[in-house]
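Since the structure comes first, as structure tokens, the remarks are kept for the end.
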Amino acid sequence: MANSSYDPAQIEPRIQAQWDAEKAFEVIEDPDRDKFYCLSMLPYPSGALHMGHVRNYTIGDVISRYHRMCGKNVLQPMGWDAFGLPAENAAIKNRTAPAHWTYRNIEHMREQLKRLGFAYDWTREFATCTPDYYRWEQLMFTRLMKKGLAYRKDSEVNWDPVDQTVLANEQVVDGRGWRSGAVVERRSIPQWFLKITNYAEELLAGLDELDGWPDAVKTMQRNWIGRSEGCEFEMTVCDADGNPDPQGRAVRVFTTRPDTSFGMTYAVLAPEHELVPLITTADQKAAVDAFVEQVAQSSEEDRLSAEGGLDKRGVFTGAYLLNPFTEKPVPLYLADYVLMGYGTGAIMAVPGQDQRDWDFAQAYDLPIIRTVQPPEGWAGEAWVEDGPAINSEWLDGLEVDEAKEKATQWLVERGIGERKVNYRLRDWGVSRQRYWGCPIPVIYCDRCGAVPVPEDDLPVVLPEDVEFMGVQSPIKADPEWRRTTCPECGAPAERETDTFDTFMESSWYYARYCCPGAEAQVDERADYWTPIDQYIGGIEHAILHLMYFRFYHKLMRDEGLVHSDEPATRLLCQGMVVADTYYREDADGSLHWYNPADVDVERDDKGKPVGATLRADGEPVLIGGVEKMSKSKNNGVDPQRMVDRYGADTVRLFSVSDSPANQSLEWSESGVEGASRFLRRVWTQVMDHVAGGPCEALEPGALNDAQQDTRRKLHDTIAKVTDDIARRYTFNTAIAAIMELTNHLARFDGADAQSRAVLQEAWSAVVRLLAPIAPHIAEELWRALGGDGPVYRAAWPEVDESARERSRVTLVVQINGKLRAKLELPPGATRDEALEQALAVENVQRHVGDKTVRKVIHVPDRLLNIVVG
RNA sequence: GCCGGAGUGGCGGAACUGGUAGACGCGCCGGACUCAAAAUCCGGUUCUGGCGACAGAGUGUGGGUUCGAGUCCCACCUCCGGCACCA
């Protein structure tokens with residue numbers, strides 16, 4: 001094999017077959033070794049891999065292979081998030097069953113992953129749409145029902161009145177059903193929820209312990225949970241004169257600013273509030289009914305588009321509430337800016353201290369009383385910052401924090417209210433009115449109500465061999481599937497036909513990988529592997545998936561299934577893959593997008609792009625800038641084509657070489673060629689070295705300067721690459737350092753025996769440093785260098801600190817902070833020695849001239865700054 | 001509006017703890033090899049002036065701290081991401 005040229009198409013499948021034969025990446029629990037669980041978020045089997053997958057899985061594979069070489073017992077599994085709406089859409093389009101489409105895609109994508117050489121333990125693979133998997137989440141759900149952590153309540157859905165079906169949000173296009181084109185209605189139907197809010201405090205507090213998670217993700221989750229402290233108190237309904245409601249009704253409000261209560265000039269109920277029909281006065285009934293109807297009609301989108309809330313709408317109920325602080329009545333309104341889903345669905349309004357209340361008060365001509373003194377010259381509207389209380393009787397003069405505390409105590413002591421913590425987080429609605437999902441294991445009996453399917457009757461299997469037309473779920477359309485008997489009373493009953501949100505499957509898959517075949521959701525093997533040591537996935541999952549995943553881990557912990565509090569200790573969110581876009585504009589203004597692979601770019605003589613033409617017709621196209629790879633901008637690059645053309649190692653190398661893992665990666669064909677060129681150079685250089693025959697043993701004490709320099713460079717590089725991969729996730733700088741070293745080795749002229757020994761040490765290290773990133777070529781070169789066993793099992797190179805010691809260091813000489821000279825000195829030079837040497841340099845003398853040296857800053861072995869003036 | 005993150009050559013990016021700004025790669029320019037081209041190899045490449053040694057300027061803008069600032073502080077501008085009437 002001496003000097004054959006680098007041919008990835010020939011090498012890579014052969015190496016992959018070898019790994020398969022050796023069962024190279026199959027692992028079992030081993031209590032005597034440190035484990036490392038490295039997990040990339042599992043893919044949805046959409047049909048083919050895209051570059052985002054390649055980048056995600058390459059990052060995971062680099063980390064996995066690195067830790068394996070460091071001697072860890074590494075688990076890196078892979079599977080399929082196989083339920084979901086796209087399968088239903090594809091089923092309609094291709095006239096096949098969703099299951100068939102899904103399994104076929106899995107077959108294809110598995111082959112693609114294998115062709116990329118990822119070190120997965122394929123014996124642990126599963127698809128979440130199989131009963132062997134989802135039966136366990138059905139079991140967990142029935143247990144949660146019994147614990148009261150799963151409950152049913154009415155909630156709104158999108159209803160297509162023509163197709164008579166519920167639509168997912170993605171199926172609503174401009175307020176109309178995607179198939180029927182009918183205007184979508186809001187309908188309230190009973191749905192299942194999991195009480196994630198019971199865990200709000202723990203989910204929030206746990207973030208403080210997750211040192212290995214990006215701050216961005218933790219911040220987003222904190223905001224999403226949205227904890228706020230305040231108090232809830234009651235106000236009695238009354239008339240304009242303060243005479244109490246004969247029925248003794250009262251309204252509870254939540255506020256974070258009890259200190260401002262003396263400035264309450266009105267109060268507001270959400271339009272959906274249960275008291276609305278009960279307390280509205282006869283003369284206001286017509287107006288209130290009209291308003292409630294108007295709000296109900298306006299879709300979610302309308303309410304969202306009125307964001308920022310300039311147009312706050314409302315109506316007077318005719319009723320009043322008695323402000324306990326002033327014992328005076330304030331008018332009670334309905335308004336669309338008060339949400340039923342947060343707090344109590346009712347607020348006290350203090351326009352002086354709340355901008356929304358200010359806006360509403362202006363629009364409805366309500367009085368404004370300031371209760372916090374704004375600073376001098378304040379010309380704004382509501383004042384929401386700190387300041388002394390005013391117009392507040394016994395609170396006057398107190399700062400906000402003191403006044404809050406005093407007002408709260410006052411409410412508590414009188415039994416009017418209590419301290420209360422509220423969360424923005426809502427319970428997790430898990431019902432989906434779709435077919436292709438895990439059936440919710442519930443039976444409805446007229447007598448017994450909603451009954452969980454008994455554990456022995458699980459799983460409730462979703463039929464896979466179905467006709468799917470897209471109008472209605474086949475299990476909803478099939479009365480036979482629904483029909484059953486009540487497990488409690490034996491009377492005829494019906495099954496739930498809704499299925500779970502697919503986030504349910506992806507909330508616990510990581511634990512199932514640990515224990516294939518377990519006769520429980522997970523078994524004790526999960527305690528060996530979890531928590532995940534390194535989790536990798538896109539930032540788009542920062543909130544939903546990563547919150548449900550943490551929640552579900554705690555649910556499993558509380559069922560005694562796992563014994564840690566958090567599912568993953570380190571999280572890396574990789575950046576997106578982006579690419580140039582090119583387009584033409586038609587006469588009618590519509591844009592046509594052209595794939596970067598079909599476009600030639602023209603540049604000026606500085607290399608700046610000045611135009612682009614479509615290769616097919618030679619006519620110009622416009623440059624549209626860099627965007628996330630997408631179908632709509634036609635700037636996607638097919639990984640398969642890249643692997644076919646350049647090989648898996650090149651694709652892997654490029655996908656981590658051009659930017660840090662957590663930043664976006666700009667795809668460029670010439671960059672890929674650069675990666676390919678680098679691998680070919682390494683190949684040629686190693687093979688040239690190997691062609692020189694066996695090397696004698698290295699004698700570190702007997703090396704000349706050039707040989708020592710090379711060893712220093714080598715061991716500096718090993719240290720840097722190790723730190724970059726293990727700690728910093730900066731594979732780009734790791735690769736740059738390896739390239740620098742190979743450039744150095746190419747110039748290292750060594751035909752004598754010790755030079756060849758240095759080169760042998762160096763190449764053997766370079767090949768191992770590259771092995772996590774480009775494992776196939778590394779395997780081949782490792783063998784050529786006479787390495788022991790396969791490179792994936794070889795030991796990660798160790799740093800020889802003695803090789804890094806320097807006989808000369810570069811001392812930078814500055815005059816008044818400006819670089820004027822560089823000195824090569826032995827390490828450890830004193831300030832005076834350095835100064836003497838520096839002043840001997842002509843350029844330094846020239847800049848010092850006859851000026852006085854006022855100060856000398858000396859950073860040993862690094863820098864000397866001479867301050868003159 | 002609120003909360004994050006980021007602005008550095010022609011481009012992607014490097015500079016990790018306040019100490020040589022521009023590593024590495026791409027692109028571009030020049031050269032070698034070749035009948036020629038591709039591939040490969042060698043050299044150059046922040047801007048301005050100079051044959052050069054060198055000098056001046058330079059990390060979004062304006063201030064500040066410091067012997068020294070891409071890095072720290074203050075104010076502002078722009079872009080990206082998240083949340084969006086959460087009382």
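Throughout, protein chains are lettered first and strands after them, A, B, ... in sequence-line order, and every chain is numbered starting at 1.
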| Has A/R570 got its NZ or CZ under 6.0 Å from the middle of the six-membered ring of A/W213, at an angle within 45 degrees of the ring axis? |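 The answer is no; the distance or angle limit is not met.
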**Request:** Identify whether NZ of Lys or CZ of Arg in A/K312 sits under 6.0 Å from the centre of the six-membered ring of A/F360 and within 45° of that ring's axis.
**Result:**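 Geometry flag: not set, cation outside 6.0 Å or 45°.
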Let's test your reading of the model: under 3.5 Å, does the base of B/rC85 pair with the side chain of A/K312 as donor and acceptor?
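Check passes, donor-acceptor contact within cut-off.
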Q. Do we see a donor-acceptor contact under 3.5 Å between the side chains of A/Y337 and A/D357?
A.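 The criterion, which ignores hydrogens and geometry beyond distance, is satisfied for A/D357 and A/Y337.
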Are A/D600 and A/T613 linked by a side-chain donor-acceptor pair shorter than 3.5 Å?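 Short answer, no.
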May I ask you to say what [X] touches in the nucleic acid, namely base, sugar-phosphate or nothing, with a heavy-atom cut-off under 4.0 Å?
| X | value |
| --- | --- |
| A/H858 | nothing |
| A/S668 | nothing |
| A/N743 | sugar-phosphate |
| A/R846 | sugar-phosphate |
| A/R424 | base |
| A/R854 | nothing |
| A/D215 | nothing |
| A/R728 | base |
| A/K420 | nothing |
| A/V812 | base |
| A/Q814 | base |
| A/I738 | nothing |
| A/G674 | sugar-phosphate |
| A/N865 | base |

Once you round it to whole Å, what is the distance between [atom2] of [N] and [atom1] of [X]?
| X | N | atom1 | atom2 | answer |
| --- | --- | --- | --- | --- |
| A/I543 | B/rA84 | CD1 | C1' | 12 Å |
| A/D580 | B/rC26 | CG | P | 17 Å |
| A/Q663 | B/rG4 | CD | P | 19 Å |
| A/N422 | B/rA87 | CG | P | 8 Å |
| A/Q845 | B/rC54 | CD | C1' | 16 Å |
| A/M220 | B/rC2 | CE | C1' | 15 Å |
| A/R227 | B/rA87 | CZ | C1' | 16 Å |
| A/M547 | B/rG82 | CE | C1' | 12 Å |

Spacing of the [atom1] atoms in [M] and [N] (rounded, Å):
| N | M | atom1 | answer |
| --- | --- | --- | --- |
| B/rA15 | B/rG64 | P | 30 Å |
| B/rC73 | B/rU66 | C1' | 12 Å |
| B/rA37 | B/rA32 | P | 11 Å |
| B/rU71 | B/rG7 | C1' | 14 Å |
| B/rG81 | B/rC29 | C1' | 39 Å |
| B/rC11 | B/rU20 | P | 24 Å |
| B/rA21 | B/rG70 | P | 9 Å |
| B/rU65 | B/rC42 | C1' | 48 Å |

Problem - Contact nearer the 5' end of RNA chain B, comparing A/D354 with A/T810 - result: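 Its nucleotide being nearer the 5' end, the pick is A/T810.
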Task: Closest-nucleotide ordering on RNA chain B, the 5'-leading residue of A/T219 and A/Y342 - done: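 The 5'-side residue here is A/T219.
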Query raised in the report: In this structure, are over 12 heavy atoms from other groups packed under 6.0 Å from A/E405 atom CD?
Result: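 Yes, the 6.0 Å shell around CD holds more than 12 heavy atoms from other groups.
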| query | Hey, is CD on A/E842 packed in by over 12 heavy atoms from elsewhere, all under 6.0 Å? | reply |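 Check fails, neighbour count at 12 or below.
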[X] side chain near [N] phosphate (N/O to OP1/OP2, under 4.0 Å):
| X | N | result |
| --- | --- | --- |
| A/S228 | B/rA87 | yes |
| A/R680 | B/rU40 | yes |
| A/R820 | B/rU20 | no |
| A/K818 | B/rA57 | yes |
| A/R677 | B/rC26 | yes |
| A/K855 | B/rC67 | yes |

Measure from the side chain of [X], starting at C-beta and using heavy atoms only, and say which of [options] lies closest.
| X | options | answer |
| --- | --- | --- |
| A/P660 | B/rG13, B/rG25, B/rA87 | B/rG13 |
| A/A736 | B/rA55, B/rC3, B/rC24 | B/rC24 |
| A/Y337 | B/rC67, B/rC3, B/rC85 | B/rC85 |
| A/E666 | B/rA87, B/rG12, B/rG27 | B/rG12 |
| A/H847 | B/rA55, B/rG25, B/rG13 | B/rA55 |
| A/T255 | B/rA87, B/rG25, B/rC85 | B/rA87 |
| A/L863 | B/rG19, B/rC83, B/rC85 | B/rG19 |
| A/R727 | B/rG13, B/rC16, B/rC83 | B/rC16 |

* **is_close_aromatic(A/F654, A/W667), centroid dist under 6.0 Å** =>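 They qualify: ring centres under 6.0 Å apart.
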| query | Looking at A/D723 and A/K720, does any basic side-chain N land under 4.0 Å from a carboxylate oxygen? | reply |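 No, this pair does not count.
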What is the distance from atom CG of A/L321 to atom CE of A/M348, rounded to the nearest 0.5 Å?
->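 It comes to 12.0 Å.
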Inter-residue atom distance A/I539.CD1 - A/M576.CE, 0.5 Å rounding: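 Taking CD1 in A/I539 and CE in A/M576, the distance rounds to 11.0 Å.
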| request: Anything under 30° is parallel, anything over 60° is perpendicular, the rest tilted; go ahead and classify A/Y333 against A/Y364. | output: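 Perpendicular, since the angle between the ring planes exceeds 60°.
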With A/M739 via side-chain contact (heavy atoms from CB on, under 4.5 Å) - residues at least two apart
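A/F678, A/I735.
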Using O4'-C1'-N9-C4 for purines and O4'-C1'-N1-C2 for pyrimidines, with syn meaning within 90° of 0, is B/rG81 syn or anti?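 Anti, which is what one calls it when the glycosidic angle falls more than 90° from 0.
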Intra- and inter-strand pairing of RNA chain B, written as dot-bracket with Watson-Crick and G-U pairs under 3.5 Å and | for the latter, reads (((((((..(((......[....)))((((((.......))))))((((....))))..(((((..]....))))))))))))....
